[in-house]
Amino acid sequence: MDEIQQQVGGVSYAPPSPPEEFCGRREELEQLSAILSRAGEHGQTVMISGPPGIGKSSLLNRLAYEVQERPPGGRQSPPVLRAEVFDLPGMIFAAFRELLNDLRRSSASARFGSLLDAESMSEALRYADDVFEKYAAPPVEPVGLLPKAGEEIVGVFARTPEVGYDRVYQAFEELLKELGRQMSMTGHVAAVLLDDVHLASSHDRRLLRDVVRDLPPGILLAFTCRTEDGAGSGYATMQEEIRELGIHEVQLTGMQRPEIRELGGERRFHFSIDDAAAGLLEERAGDPFGLMACFNALRNRGGSHRPGRTSRTSSPGQTIRRGLSSPRSPPNP
């Protein structure tokens with residue numbers, strides 16, 4: 001993979017795959033679809049786990065599409081609320097606050113029709129917003145720290161989340177219960193999606209754990225978690241906690257040969273990847289991150305013209321096999 005690896009440094013990894021270009025993961029999608037089908041009667045939670053670049057965020061995107069494309073009829077679509085967890089000092093409940101903002105935007109959108117018009121829904125949203133405004137640490141802009149010094153700066157990052165935690169949990173729990181009630185009345189399921197939960201603080205994980213323990217009907221909660229080594233990792237902590245709660249886990253591994261051909265073929269890159277090349281990629285670069293870098297590098301070099309040869313060109317499959325078979329090839333990324 002020498003020729004390709006030399007070009008990867010200038011290739012930016014693509015953002016999470018849009019649903020219409022999503023490839024493979026059929027078994028995992030079947031698991032998620034089965035979990036989604038049960039969320040109407042009993043709230044469901046699922047953790048999507050795997051190493052970096054394996055496609056967790058893309059699968060979360062595909063799940064969001066699945067939720068909104070299978071309403072029980074009519075023109076109204078159920079809301080999908082999504083937030084990303086960031087590992088920032090002093091930030092607590094930030095992702096949950098973003099979920100509130102997403103719900104507020106959904107309530108103002110005509111796309112969801114009358115699903116979120118109930119006064120009880122508005123009241124629950126207003127109350128939760130007031131509570132989070134009081135207790136959730138807001139983002140601190142660097143410019144806001146310039147006039148501060150010493151103990152003042154320490155105070156900005158030392159806000160005690162223990163004060164009012166019960167109120168934060170109660171407000172968010174009541175909001176989800178009201179949202180679930182509205183969904184159940186119309187036969188819909190609302191999805192709450194959290195990305196990168198392995199970065200969550202202990203307070204955020206506590207809130208997530210408490211919410212999961214009593215998730216109401218009509219709500220599907222899905223979150224991603226990066227697998228890491230070590231007992232102290234965020235994944236190890238989440239895995240232990242979800243095991244106690246009986247939460248589903250969908251673990252992602254490298255893509256298989258047919259999925260690789262689908263990704264490199266007409267669905268995304270329009271390359272003709274033969275079975276032998278797909279087999280080598282499955283063995284050496286089966287994660288979507290490495291595959292995207294490989295196919296982007298091929299695209300950037302204008303197909304697969306072999307450097308130093310002007311009389312002939314090679315197919316993408318030949319270029320991949322030649323590069324991966326080279327003894328100088330680096331190990332799988």
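Nothing here was measured: the structure is a model prediction, and the numbers come from that model.
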Applying salt bridge (charged side-chain N to carboxylate O under 4.0 Å, His left out), run through Arg261 and Glu282 and close with a yes or a no.
CA-CA 10 Å; Arg261 295 188 69 177; Glu282 177 184 357; over 6 Å; no

May I have the step-by-step check of side chain to side chain contact (heavy atoms under 4.5 Å, CB included) for Leu220 and Leu63, ending in yes or no?
CA-CA 10 Å; Leu220 170 68; Leu63 176 59; 4.1 Å; yes

Would you name the heavy atoms of Asp204 and Ala94 that are closest together and state the gap between them?
OD1-N, 4.1 Å

Heavy-atom pair with the smallest gap, counting every atom of Cys225 and Met47:
CB-SD, 3.7 Å

Note: Pro78 and Met183 closest approach over all heavy atoms is CB-SD, 4.4 Å

Leu221 side chain near Leu176 side chain, heavy-atom distance below 4.5 Å:
no

Atom CZ of Arg62 and atom OG of Ser58: how far apart are they, to the nearest 0.5 Å?
11.5 Å

Mutual orientation of the aromatic rings belonging to Phe295 and Phe271 [parallel < 30°, tilted 30-60°, perpendicular > 60°]
tilted

Shared hydrophobic cluster, Leu208 / Leu245 (ILVMFWY, side-chain heavy atoms < 4.5 Å)
yes

Thr253: side-chain hydrogen bond (donor to acceptor under 3.5 Å, both in side chains) partners, not counting sequence neighbours
none

Under-4.0 Å salt bridge between Arg181 and Glu178:
yes

Distance from Asp129 atom CG to Asn101 atom CG, nearest 0.5 Å?
7.0 Å

Nearest-0.5 Å distance, CD1 of residue Ile54 to CD of residue Gln251
11.5 Å

With side chain to side chain contact (heavy atoms under 4.5 Å, CB included) as the criterion, how do Leu99 and Phe172 come out once you've worked through the C-alpha distance, each side chain's angles and the decisive distance to 0.1 Å?
CA-CA 10 Å; Leu99 290 174; Phe172 198 75; 4.0 Å; yes

May I ask you to decide if Asp102's main-chain N or O and Ser106's side chain share a donor-acceptor pair within less than 3.5 Å?
yes

Using side chain to side chain contact (heavy atoms under 4.5 Å, CB included), reason through Phe22 and Leu29 one step at a time and then give a plain yes or no.
CA-CA 11 Å; Phe22 189 86; Leu29 284 172; 3.8 Å; yes

Passes side chain to side chain contact (heavy atoms under 4.5 Å, CB included), Lys134 versus Val168? Steps please.
CA-CA 9 Å; Lys134 182 176 182 180; Val168 171; over 6 Å; no

Mark yes when over 12 heavy atoms from residues, nucleotides or ligands other than Glu123 sit less than 6.0 Å from its CD; otherwise mark no.
yes

Salt bridge (charged side-chain N to carboxylate O under 4.0 Å, His left out) partners for Glu30, two or more places apart
none

State, to 0.1 Å, how close Gln182 and Ser120 come at their nearest heavy-atom pair, and which atoms those are.
NE2-OG, 3.6 Å

Between CD of Gln31 and CZ of Arg25, what distance do you get to the nearest 0.5 Å?
11.5 Å

Correct closest heavy-atom pair for Pro51 and Thr227 would be N-OG1, 3.1 Å

Identify, with sequence neighbours excluded, every residue that meets side-chain hydrogen bond (donor to acceptor under 3.5 Å, both in side chains) alongside Gln256.
none

At their closest point, which heavy atom of Ile247 faces which heavy atom of Thr45, and how far apart are they?
CG2-O, 3.4 Å

Looking at side-chain heavy atoms only, is the closest gap between Glu98 and Phe132 below 4.5 Å?
no

Between Arg82 and Asp195, does at least one N-O distance fall below 4.0 Å, as a salt bridge requires?
yes

Answer yes or no: is there a side-chain heavy-atom contact under 4.5 Å between Glu133 and Arg97?
yes

Any Leu103 side-chain heavy atom under 4.5 Å of Leu175 side chain
yes

Using modelled atom types and a 3.5 Å cut-off, is there a donor and acceptor pairing between side-chain atoms of Thr224 and backbone atoms of Asp196?
yes

Is the backbone of Phe223 close enough, under 3.5 Å, to the side chain of Lys56 for a donor and an acceptor to pair up by distance?
no

Could you tell me the separation between the OG1 atom of Thr237 and the CZ atom of Arg205, rounded to the nearest 0.5 Å?
5.0 Å

Identify whether the distance between the nearest side-chain nitrogen and carboxylate oxygen of Arg126 and Glu119 falls below 4.0 Å.
yes

What distance do Arg167 atom CZ and Asp130 atom CG have between them, rounded to the nearest 0.5 Å?
9.0 Å

Could you work out, with side chain to side chain contact (heavy atoms under 4.5 Å, CB included) as the rule, every residue matching His248, not counting sequence neighbours?
Ile35, Arg38, Gln44, Val46

Side-chain ion pair, Arg26 and Glu262, N-O less than 4.0 Å
yes

Enumerate donor-acceptor pairs with a distance under 3.5 Å from any side-chain N or O in residues 210-219 to protein atoms, sequence neighbours excluded.
from   : atom 1 : to     : atom 2 : distance (Å)
Asp210 : OD1    : Arg213 : NH1    : 3.1
Asp210 : OD2    : Tyr165 : OH     : 2.6

pair Glu66-Leu32: side-chain heavy atoms closer than 4.5 Å
no

Does a donor on one side chain sit under 3.5 Å from an acceptor on the other, for Ser201 and His203?
no

Tell me, please, which residues at least two apart from Glu174 pass salt bridge (charged side-chain N to carboxylate O under 4.0 Å, His left out).
none

